[in-house]
Amino acid sequence: MTDVRQPAEAAYDSVARFIHWSIVLLIATQFVIGWTMPEVHHDTKPVGLIAWHLGVGALLVAVMAVRIVWRLTHKPPADTLAPLLSAASRITHLLLYVALVVVPLLGWANASSRGWTVKLLGVVPYPSLTPAGSALGHRMGDVHGVLAWVLLALIAAHIAAALFHRFVLRDRVMQRMLP
Ligand code: HEM
Ligand code: HEM
């Protein structure tokens, strides 16, 4: 059947929507585990909540890789926003993508510098990003923690914008990402 929706109502495709909400779930989990897991010291073992942070992190990296490939090969429907609003939305989305790549990579590099192997679903090992004992990799762990706050600020702005569209502008932007 032909899609008769107007561009303003056109939604992201179902794969993009599924991945968006999967990433939301994975990121929320990573924040909760990251904030509640024990502090990591030089002799800490990757067990318990730390193992969960690495495991969920490995899945997040894989899903983000799929997301980026999908995004590069499937353009989202054009928006019908005013130019300034459209530019603000594009910039925020770009910054979100950058943070969604950089924050996990820094965590992964830190894990490598501690000699921990990051494994997808506990089976498929990822390569080490930094040599075990690397001082740089160790510092990347600190940056990982700081940039997680930057990511959180971007997410807060993003959610505020979505709610602004839904309840103040009362347009159909929110529906573009809903099932
Ligand atoms: C966007 C996804 C992620 C978020 C939001 C996140 C969040 C956090 C937070 C809040 C902390 C605690 C920082 C602190 O106490 O200062 C942390 C620590 C850590 N994360 Fe993540 N993380 C993410 C992805 C990853 C991934 C993919 C990995 C590895 C595969 C990872 C590995 C680590 C490690 C090793 C630490 C301990 C760092 C240290 O204390 O030196 N994280 N993360
Ligand atoms: C961890 C939290 C979140 C992250 C990291 C995130 C990330 C993103 C990214 C990167 C995009 C751009 C998609 C693309 O063009 O490829 C996007 C779009 C979107 N997100 Fe989120 N999002 C989050 C949570 C939410 C929540 C909670 C809502 C609803 C309240 C929401 C609503 C939307 C909507 C409506 C769009 C489409 C905007 C448009 O049509 O241009 N997001 N999100």
Side-chain angles (χ1 to χ4, degrees), residues 7-13 15-17 19-42 44 46 49-64 67-68 70-72 74-81 85-86 88-120 126 129 137-152 154-167 171-178:
E9 298 179 34
Y12 279 77
D13 64 74
V15 175
R17 280 179 281 147
I19 300 181
H20 175 271
W21 293 107
S22 306
I23 290 285
V24 172
L25 209 70
L26 291 168
I27 297 279
T29 310
Q30 282 303 71
F31 272 113
V32 173
I33 303 177
W35 284 329
T36 51
M37 69 190 192
E39 214 170 292
V40 179
H41 299 290
H42 71 278
T44 304
L49 285 176
I50 299 174
W52 275 99
H53 193 70
L54 299 179
V56 174
L59 190 58
L60 189 130
V61 167
V63 178
M64 267 316 289
R67 180 175 197 176
I68 289 168
W70 190 264
R71 180 63 168 80
L72 293 175
H74 298 77
K75 238 176 127 135
D79 66 56
T80 54
L81 302 174
L85 216 52
S86 179
S89 134
R90 278 158 196 261
I91 291 168
T92 316
H93 291 168
L94 182 66
L95 290 175
L96 274 168
Y97 272 113
V98 171
L100 289 174
V101 169
V102 172
V103 172
L105 284 185
L106 289 170
W108 175 2
N110 179 258
S112 302
S113 74
R114 295 179 186 282
W116 299 344
T117 305
V118 177
K119 286 187 191 159
L120 182 61
Y126 287 0
L129 292 186
H138 190 77
R139 277 200 296 279
M140 285 179 178
D142 299 336
V143 185
H144 175 70
V146 173
L147 287 190
W149 285 103
V150 175
L151 172 61
L152 192 65
L154 286 169
I155 291 172
H158 176 66
I159 295 176
L163 296 177
F164 185 73
H165 280 286
R166 174 68 185 81
F167 296 109
D171 57 24
R172 298 187 56 83
V173 165
M174 180 87 115
Q175 277 79 348
R176 285 157 59 91
M177 203 44 106
L178 293 182

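Atoms within each ligand, like the ligands themselves, are counted from 1 in listed order.
- Close approach of ligand 1 to Val118 is summarised as follows: ligand atoms under 4.0 Å from at least one heavy atom of the residue are 30 (C).
- When all heavy atoms are compared, the tightest approach of Tyr126 to Leu120 is OH-CD1, 3.5 Å.
- Within the structure, every pair that satisfies the side chain to side chain donor-acceptor pair (under 3.5 Å) test and touches residues 29-39, not counting sequence neighbours, is listed here: Gln30-His53.
- Assignment of Glu39 to the shell around ligand 1 is not supported, since no heavy atom sits closer than 4.0 Å.
- Backbone and side-chain nitrogen or oxygen atoms of Trp35 are examined, and none is located within less than 3.5 angstrom of a nitrogen or oxygen of ligand 1.
- Heavy-atom contacts of Arg114 reach the following atoms of ligand 1: 39 (C), 41 (O) (cutoff under 4.0 Å).
- Near Val40, with a cut-off below 4.0 Å to any heavy atom, the atoms of ligand 1 are 37 (C), 40 (O).
- Between Trp108 and ligand 1, no N or O atom pair is found at a separation short of 3.5 Å.
- Side chains of Trp52 and Met37 form no contact here, defined as non-hydrogen atoms less than 4.5 Å apart.
- For the pair Asp13 and His74, the minimum side-chain heavy-atom distance is below 4.5 Å.
- When side chains are defined from C-beta on, Val173 does not count as touching Arg166, because their heavy atoms never get closer than 4.5 Å.
- Among all heavy-atom pairs drawn from Ser86 and Asp79, the shortest one is OG-OD2, 3.1 Å.
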In a table with atom names and distances, give each donor-acceptor pair under 3.5 Å that connects a side chain of residues 102-112 to protein atoms at least two apart or in another chain.
from, atom 1, to, atom 2, distance (Å)
Trp108, NE1, Pro127, O, 3.0
Asn110, OD1, Arg114, NE, 2.9
Asn110, ND2, Gly137, O, 3.2
Asn110, ND2, His138, O, 3.4
Ser112, OG, Trp108, O, 3.1
Ser112, OG, Leu129, N, 3.0

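- Looking at every heavy atom in both residues, Ala162 comes nearest to Met174 through CB-SD, 3.9 Å.
- Vertex atom 21 (Fe) of ligand 1, arms ending at NE2 of His53 and NE2 of His144: the angle is 180° after rounding to 10 degrees.
- Taking the side chain to side chain donor-acceptor pair (under 3.5 Å) definition, one finds that Trp21 meets it with nothing, sequence neighbours left out.
- Considering only heavy atoms from C-beta on, Val150 stays 4.5 Å or farther from Leu95 through its side chain.
- Protein residues having a heavy atom under 4.0 Å from any atom of ligand 2 are Tyr12, His20, Trp21, Val24, Ile27, Arg67, Arg71, His93, Leu96, Tyr97, Leu100, Ile155, His158, Ile159, Ala162, Val173, Met174, Arg176, Met177, listed by chain and number.
- Of the N or O atoms in Asp142, none lie within a sub-3.5 Å distance of an N or O in ligand 1.
- Heavy atoms of Met37 approach ligand 1 to within less than 4.0 angstrom.
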